[in-house]
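Here is the naming used below: chain letters follow the sequence lines, and residue numbers restart at 1 for every chain.
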Amino acid sequence: MTDQIRCRFAPSPTGFLHVGSARTALFNWLFARATGGTFVLRIEDTDGDRNRLELIDVIFEELQWLGIDWDEGPLYQSENRERHRQVVSDMVGRGHAYLVNADNEVVDQTELLADHAVRFRVPKDETVAFDDAVRGEVSFETNDLEDFVIWRSNGSPTFLLANAVDDADMGITHAIRGEDLLSSTPKVQLLLQEMGAVSPVYGHLPLLVNEQRKKLSKRRDDVSIADYRSRGYLPEAMRNYLALLGWGPDDDIEIRPIAEIINKFDLSRVNKAAAFFDVAKLDHFSATYIQALSEDDFVAQALPFLQADERFADGAVDPAAVAMFGSEVQQRVSKLADVGDWYEWIFVDEVTFDEKSFAKGLVKANKGDEVLAGVIEAFETCEWRADVLNEAVRSVGDHLEVRSQVPVRVAVTGKQGGIPLFEPVEWLGRERTLARLRQARERLASV
RNA sequence: GCCCCCAUCGUCCAGCGGCCUAGGACGCCUGCCUUUCACGCAGGUAACACGGGUUCAAAUCCCGUUGGGGGUACCA
């Protein structure tokens, strides 16, 4: 049981889950699942900011949404305050750490004092080396390290101290985290060493970067998992995509069930170079997962997004109609928030013309007005059935020797592209369709 | 500045000394399908940063250069 792997995801309670953090959580989870190890969730609330519990819940929700479950925890670092204090106090007692006042002047005391911070006494002329699980041998000289703070003057431990103590206490065997923490590793190792604790194996994941190749930042970049969730990306797609940032299976198959990913995952084969979070590729993954949904499932998942879509009046979205054209929409979207684009003309009272479409599909179209006139005439009396409507439009086009569908489509939907036209038109009904056709003709005449 | 890390198509990965005239995916382009758009299918475009070694043989190992990034807080 001693070689049982234990890894952890240790976010700080910021109130949202960053895509980079999510990737870190995912890799830890994959590693645990791949090795039969234990995945622990620990909240690094070193400031003891427990009144922000609801912010922590957001992180749990996003992890659950991604299908990342944990075996132990959540544990709160703030609950180990006394233990942390004891460790710091012991270090001071042993002379391996010292007090410092508000002006950063050394205070010669062997007991912890209020309003005094504690700095760790970094040994001189030593080399701290460790074998990083993804990077291999990494080493630092202690002479390059300053005596860092391990205990704040407000009576709380710093990340460095709490991290070292908790990993040791929890028997964490592998600490897999972002590369931004690489240079803090020697400090943690020094702490561990001083405590006489065994160091976990560290594995530093390559950073996720933006197009400028800078670390993804909350301010500049679109980084909240919640945002992607609210845009209707499927969690399986997001998880699959995230798994491929910094790692790839040796058989080149990218989109695959999570069980296979777990099977193929190998921490030692994780990349070292930073990766760009490419939304275009995410879109492709998401589209693929959406297409794989059953039609019923797609409709059920799309409905809430349509109902929340501000383009539609209350009650305008007819679930039966959504279901009727569901499969056509399903193969055209990459995220659920986009379904409204395809249903828009169907559920809206008055279509808004896309200027480019209107110009191309009607103004510049060959005999656009004549097509509309012919179709209006046919639609006034023909049987109101999709196939009949389709034939009528074709026949008008044949007589005029032009392609007649696009002008009609633009007139009725306001746009050039879209799902097959005639079934929705049948659903729309004669009156509304005719009204749109006539309105388009008037608009055309006024150009 | 100092410390550390990194370097294969525009992007994400495969490649772990010979199978590489470098493979897959996204994107982009072309064609097919289709009186719309998309899906699908078939093609195409495009990379081992540079310079030295080591070796019979290097994208793969070593060194250097250049470039990029991270850290350098009583944030984590």
Please compare A:Gly246 and A:Leu282 by the position of their nearest nucleotide in RNA chain B and report the one closer to 5'.
A:Gly246
Heavy atoms from other residues, nucleotides or ligands near CD of A:Glu260 exceed 12 (cutoff 6.0 Å):
yes
Base of B:rC5, side chain of A:Lys272 - is there a donor-acceptor contact under 3.5 Å?
no
Just the atom pairs and distances: protein N or O near nucleotides 34-41 of chain B's N or O, under 3.5 Å.
{"from": "B:rU35", "atom 1": "OP1", "to": "A:Arg394", "atom 2": "NH2", "distance (Å)": "3.1"}
{"from": "B:rU35", "atom 1": "O4", "to": "A:Arg394", "atom 2": "O", "distance (Å)": "3.1"}
{"from": "B:rU36", "atom 1": "OP1", "to": "A:Arg403", "atom 2": "NH1", "distance (Å)": "3.4"}
{"from": "B:rU36", "atom 1": "O2'", "to": "A:Gln416", "atom 2": "O", "distance (Å)": "2.8"}
{"from": "B:rU36", "atom 1": "O2", "to": "A:Arg409", "atom 2": "NE", "distance (Å)": "3.0"}
{"from": "B:rU36", "atom 1": "O2", "to": "A:Arg409", "atom 2": "NH1", "distance (Å)": "3.3"}
{"from": "B:rU36", "atom 1": "O2", "to": "A:Arg409", "atom 2": "NH2", "distance (Å)": "3.1"}
{"from": "B:rU36", "atom 1": "O2", "to": "A:Gly418", "atom 2": "N", "distance (Å)": "3.0"}
{"from": "B:rU36", "atom 1": "O2", "to": "A:Gly418", "atom 2": "O", "distance (Å)": "3.0"}
{"from": "B:rU36", "atom 1": "N3", "to": "A:Arg409", "atom 2": "NH2", "distance (Å)": "3.0"}
{"from": "B:rU36", "atom 1": "N3", "to": "A:Gly418", "atom 2": "O", "distance (Å)": "2.8"}
{"from": "B:rC37", "atom 1": "O2", "to": "A:Arg332", "atom 2": "NH1", "distance (Å)": "2.5"}
{"from": "B:rC37", "atom 1": "O2", "to": "A:Gly418", "atom 2": "O", "distance (Å)": "3.0"}
{"from": "B:rC37", "atom 1": "N3", "to": "A:Arg332", "atom 2": "NH1", "distance (Å)": "2.3"}
{"from": "B:rA38", "atom 1": "O2'", "to": "A:Gln331", "atom 2": "O", "distance (Å)": "3.4"}
{"from": "B:rC39", "atom 1": "O2'", "to": "A:Gln291", "atom 2": "OE1", "distance (Å)": "3.4"}

Please output the side-chain donor-acceptor pairs of residues 99-109 of chain A that fall under 3.5 Å, not counting sequence neighbours, one pair per line with the distance.
{"from": "A:Asn101", "atom 1": "OD1", "to": "A:Asp103", "atom 2": "N", "distance (Å)": "2.8"}
{"from": "A:Asn101", "atom 1": "OD1", "to": "A:Asn104", "atom 2": "N", "distance (Å)": "3.1"}
{"from": "A:Asn101", "atom 1": "OD1", "to": "A:Glu105", "atom 2": "N", "distance (Å)": "2.9"}
{"from": "A:Asn101", "atom 1": "ND2", "to": "A:Glu105", "atom 2": "OE1", "distance (Å)": "3.0"}
{"from": "A:Asn104", "atom 1": "OD1", "to": "A:Arg119", "atom 2": "NE", "distance (Å)": "3.1"}
{"from": "A:Asn104", "atom 1": "OD1", "to": "A:Arg119", "atom 2": "NH2", "distance (Å)": "3.2"}
{"from": "A:Gln109", "atom 1": "OE1", "to": "A:Glu111", "atom 2": "N", "distance (Å)": "3.4"}

Looking only at the side chain of A:Arg269 (C-beta and beyond, no hydrogens), which of the listed nucleotides B:rA14, B:rC4, B:rA7 gets closest?
B:rA14
Can you say whether the rings of A:Phe325 and A:Tyr343 are parallel (under 30°), tilted (30 to 60°) or perpendicular (over 60°)?
tilted
Protein-nucleotide distance (A:Asp278, atom CG; B:rG27, atom C1'), rounded to Å
8 Å
Does the salt bridge (Lys or Arg N to Asp or Glu O under 4.0 Å) test come out yes or no for A:Asp341 and A:Arg311, once each step is laid out?
CA-CA 9 Å; A:Asp341 297 346; A:Arg311 282 173 289 191; 2.7 Å; yes
Mind running a 4.0 Å heavy-atom check of residues 104-134 of chain A against RNA chain B and sending the residues that fall below it, in number order?
A:Ala117, A:Arg119
Short side-chain N/O contact from A:Asn271 to OP1 or OP2 of B:rU8, under 4.0 Å:
no
Give A:Gly361 one of three labels, base, sugar-phosphate or nothing, depending on what nucleic acid heavy atoms sit under 4.0 Å from its own.
nothing
Both A:Ala102 and A:Pro249 contact RNA chain B. Taking the nearest nucleotide for each, which residue is further toward the 5' end?
A:Pro249
Quick one: label A:Leu181 by what it contacts on the DNA or RNA (base, sugar-phosphate, nothing), any heavy atom closer than 4.0 Å.
base
What's A:Ala287 touching, base or sugar-phosphate or nothing? Going by heavy atoms closer than 4.0 Å.
nothing
Would you say CD of A:Glu211 has more than 12 non-hydrogen atoms from neighbouring residues, nucleotides or ligands within 6.0 angstrom?
yes
Could you please spell out the steps behind the side-chain hydrogen bond (donor to acceptor under 3.5 Å, both in side chains) verdict for A:Glu44 and A:Gln77?
CA-CA 5 Å; A:Glu44 306 229 321; A:Gln77 206 156 52; 3.3 Å; yes
Can you check the A:Glu254 CD to B:rU11 P distance for me, whole Å?
15 Å
Could you write out each protein N or O paired with an N or O of nucleotides 67-69 of chain B at a distance under 3.5 Å?
{"from": "B:rG69", "atom 1": "OP1", "to": "A:Lys214", "atom 2": "NZ", "distance (Å)": "2.6"}

For A:Lys124, is the NZ atom crowded, meaning more than 12 foreign heavy atoms sit under 6.0 Å from it?
yes
Kindly compute the distance separating CG (A:Leu336) from CD1 (A:Ile290), expressed to the nearest 0.5 Å.
5.0 Å
For the side chain of A:Asp180 and the base of B:rG71, is some donor closer than 3.5 Å to an acceptor across the two?
no
Would the base of B:rC3 count as contacting A:Ser183 through its side chain, where contact means a donor and an acceptor less than 3.5 Å apart?
no
Under the salt bridge (charged side-chain N to carboxylate O under 4.0 Å, His left out) rule, what pairs show up with a residue in residues 240-252 of chain A, not counting sequence neighbours?
A:Asp250-A:Lys264, A:Asp251-A:Arg256, A:Asp251-A:Lys264
Within 45 degrees of the ring normal and closer than 6.0 Å to the centroid, is that where the cationic atom of A:Arg231 sits relative to A:Tyr228?
yes
Got a sec? Which of residues 235-243 of chain A come in under 4.0 Å of RNA chain B, heavy atoms?
none
Distance between the C1' atoms of B:rA46 and B:rA22, in whole angstroms?
12 Å
